[in-house]
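Note sheet for the following structure.
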Amino acid sequence: MELARTDYLPDPALDADAMAAMQRDIAADAVFADDHGLAPESLRLDDPIADTDPAQTALGGDGPVVVGVDQAFREDEAVSVAVALRGERVVERAVGRAPLEIPYIPGLLAFREGGAIVDALRSLSVAPDLLVLDGSGRIHYREAGIATHVGVLFDVPTVGVAKNLLCGTPVSDVEERYLDAGERVAVEADDEVETCANGTTIGHFYQSRQYENPTRRHVNPLVVSPGHRVATGTATALVAATCAGYKLPEPTRLADGAVGDVTR
DNA sequence: GCGACAG
DNA sequence: ATCTTGTCGC
C-alpha cells in the first residue's frame, strides 16, 4: 500500500514533545465516523450462513479484505507481520522490520513499533478494506494511538484491539463482574484524555469469549477503539464479526502466530 | 510529590 | 513485549 502522509512517519528520533504535537495533528485529521462501506455481516466468520449464502460467494473473489497486524521483538529490532484475509482465506502475508531505538513509553507506542508496521504495510499489494492493529486507537491521551496513527498514515480504515486499558473510564466497573460473551461496556474520555470532552465514548470493552463458569476460570475482555474512518460503535461490531471462537479476532490471531515463527 | 501507564 | 513447563479446567 501507498503512504498518504509521509509527514506523519513515526520518527523515533523526535523528542517526546514533538511526538505529542504530531499526535494532536493526527487526531485532528482522524475521522471517527464510518467511511468504509463495510457491513459487519460481510465479515462474519463464525456465522454458518456465511458459508452457504450465495450473497457471500463474493468472498471468494472480491469480498472485503481485512488485515491483521502484530509485532514481536528481538535483541534490537521490531518485526511486524501483516496477514490479509478475504473471508477465512489468507490471501497475502507481509513482513516488516525496523531497529528498536526507543523504549516503550505509554502513549508513544507508535514511535517504537510504527517503523516496522509501515515497512510491512508498504510491501502489501492487496488493498485492505480494514486494518486491525494491536493496541489502542482513539483510547489514547490525545486520541492518536497506534491504530489511529497507522490509519491516517495510509488513509485506510483501522481499529485498535488491546488487551489492557490505556486510559479512559468504563461506564460500569468491568472488574466487578465477569462479562458474558458478546457483552460490551463503553469507555468514556476522562481528564486523562486531553483532546475531547469528558464523557465522550472513545471505545469499548468487548467480551469476545467467556467460559461457562467465570468464577473458576475466566477470559479478560478486549479493549476495542476506532483508529480512523470507523465510528466507535462500529469498531466493536467489526471486531466482533471477525472473532471465530477465540479471544482475539482472527486477523490478529493469525498475525500473532505468524510473527511467532518469523521471530523464532 | 504520588499515582497511572497500549506493547 | 519478553524470560518459560507443567497444569488446571472446560
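Please read these numbers as outputs of a predicted model, since none were measured by experiment. Residue numbers start from 1 in every chain, and the chains themselves are labelled A, B, ... in the order their sequence lines are given, proteins ahead of strands.
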(message) With clusters defined by side-chain heavy atoms of hydrophobic residues (ILVMFWY) lying less than 4.5 Å apart, directly or transitively, does A/Val126 cluster with A/Leu131?
(response)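 As far as the 4.5 Å side-chain criterion goes, A/Val126 and A/Leu131 are connected within one cluster.
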(request) Answer yes if A/Val152 and A/Leu9 sit in the same cluster of Ile, Leu, Val, Met, Phe, Trp and Tyr residues linked by side chain heavy atoms under 4.5 Å apart, and no otherwise. (result)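 As far as the 4.5 Å side-chain criterion goes, A/Leu9 and A/Val152 are connected within one cluster.
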What contact category does [X] fall into here, base, sugar-phosphate, or nothing, at under 4.0 angstrom with non-hydrogen atoms?
X: A/Leu165; value: sugar-phosphate
X: A/Leu108; value: base
X: A/Ala78; value: nothing
X: A/Gly160; value: nothing
X: A/Phe73; value: sugar-phosphate

(message) Could you tell me the boundaries of the chain A footprint on DNA chain C, defined by atoms under 4.0 Å from its heavy atoms?
(response)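 Range of nucleotides touched by chain A: C/dA1 to C/dC10.
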Within 6.0 angstrom of [X] [atom1], more than 12 heavy atoms from elsewhere:
X: A/Arg74; atom1: CZ; result: yes
X: A/Asp191; atom1: CG; result: no
X: A/Arg24; atom1: CZ; result: yes

[X] side chain near [Y] side chain, heavy-atom distance below 4.5 Å:
X: A/Leu166; Y: A/Tyr141; answer: yes
X: A/Cys196; Y: A/Ile202; answer: yes
X: A/Val230; Y: A/Phe32; answer: no

Looking only at heavy atoms, what is the nearest atom pair of [X] and [Y], with distance?
X: A/Val193; Y: A/Glu143; result: CG1-CG, 4.1 Å
X: A/Val69; Y: A/Ser80; result: CG1-OG, 3.4 Å
X: A/Ile139; Y: A/Cys167; result: CG2-O, 3.3 Å

(message) Run the salt bridge (charged side-chain N to carboxylate O under 4.0 Å, His left out) test against A/Arg97 and tell me which residues pass, sequence neighbours left out.
(response)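 A/Arg97 satisfies salt bridge (charged side-chain N to carboxylate O under 4.0 Å, His left out) with A/Glu77 only.
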(request) Could you pull out all residues at least two apart from A/Asp29 that satisfy salt bridge (charged side-chain N to carboxylate O under 4.0 Å, His left out)? (result)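 Scan of A/Asp29 (salt bridge (charged side-chain N to carboxylate O under 4.0 Å, His left out), adjacent residues dropped) gives A/Arg5.
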(message) Output the pairing pattern of DNA chain C as a dot-bracket string, 5' first, Watson-Crick or G-U wobble with both distances under 3.5 Å, | for cross-strand pairs, [ ] for crossing pairs.
(response) ..........
(message) List the residues meeting ring-ring contact (aromatic ring centres under 6.0 Å, His included) with A/Phe73, not counting sequence neighbours, and say none if there are none.
(response)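 Expected list: none.
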(message) Please list all pairs meeting side chain to side chain donor-acceptor pair (under 3.5 Å) that have one or both residues in residues 245-254 of chain A, counting only residues at least two apart or in different chains.
(response)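 For residues 245-254 of chain A, and leaving out neighbouring residues, the side chain to side chain donor-acceptor pair (under 3.5 Å) pairs sorted by first residue read A/Glu250-A/Arg253.
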Would you list the atom pairs, donor with acceptor, under 3.5 Å between side chains in residues 102-116 of chain A and any protein atom, with sequence neighbours excluded?
from     : atom 1 : to       : atom 2 : distance (Å)
A/Arg112 : NH1    : A/Ile102 : O      : 2.7
A/Glu113 : OE1    : A/Gln71  : NE2    : 3.1

(request) Hydrophobic side-chain clustering at under 4.5 Å (ILVMFWY, transitive links): who's grouped with A/Tyr211? Put none if nobody. (result)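 Other cluster members: A/Val219.
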(request) Whenever both distances are under 3.5 Å in a Watson-Crick or G-U wobble pair, mark it; put DNA chain B into dot-bracket that way, with [ ] for crossing pairs and | when the partner is on another strand. (result) .......
(request) Give the first and the last nucleotide of DNA chain B, reading 5' to 3', that has any atom under 4.0 Å from a heavy atom of chain A. (result)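 For DNA chain B, the relevant span reads B/dC5 to B/dG7.
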(message) Counting only heavy atoms and a strict 4.0 angstrom limit, can you tell me which residues of residues 206-218 of chain A come near DNA chain C?
(response)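 A/Arg216, A/Arg217 - these, ordered by number, are the residues of the stretch whose heavy atoms sit under 4.0 Å from the strand.
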(request) List in numerical order all residues of residues 167-205 of chain A for which some heavy atom is under 4.0 Å away from an atom belonging to DNA chain B. (result)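 When residues 167-205 of chain A is checked for heavy atoms under 4.0 Å from DNA chain B, there are no hits whatsoever.
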(message) Looking only at the side chains, is there a donor atom on one of A/Asp155 and A/His228 sitting less than 3.5 Å from an acceptor on the other?
(response)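 Note: A/Asp155 and A/His228 side chains meet the donor-acceptor criterion.
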